[in-house]
Amino acid sequence: MTQLSHEALEARRKHEREYKRKWRQKPENKQKVKGYRQKYWERKAKEVMQ
């Protein structure tokens, strides 16, 4: 039982990884990711400055 659910979880994780990787390959999404990353680092910098 637990073995089966563990394998199912692994399969789902692998699928999600592939899906995200394919999503990131699209040019319109690359810009989004770049924006997210920039906002993340700006927020981090503000936290450090306080």
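Computed from heavy atoms alone, side chains included, the values below leave out hydrogens, waters and symmetry copies.
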K.L.:
For a quick test of reading the model, state the closest non-hydrogen atom pair linking W23 to V33 and the distance between them.
P.N.:
CZ3-CG2, 3.5 Å
K.L.:
Does E28 reach the side chain of K32, with side-chain heavy atoms less than 4.5 Å apart?
P.N.:
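They are not in side-chain contact.
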K.L.:
About how many Å separate NE2 of H15 and NZ of K20, when rounded to the nearest 0.5 Å?
P.N.:
11.0 Å
K.L.:
Where is the tightest heavy-atom contact between K30 and Q25, given as atom of each residue plus distance?
P.N.:
CE-O, 3.9 Å
K.L.:
Indicate yes or no: does K39 engage E42 in a salt bridge with an N to O separation below 4.0 Å.
P.N.:
no
K.L.:
Walk me through whether M49 and K46 qualify under side chain to side chain contact (heavy atoms under 4.5 Å, CB included).
P.N.:
CA-CA 5 Å; M49 293 295 267; K46 276 181 192 155; 5.7 Å; no
K.L.:
Would you call R13 and E10 a salt bridge, taking side-chain N to carboxylate O under 4.0 Å as the test?
P.N.:
yes
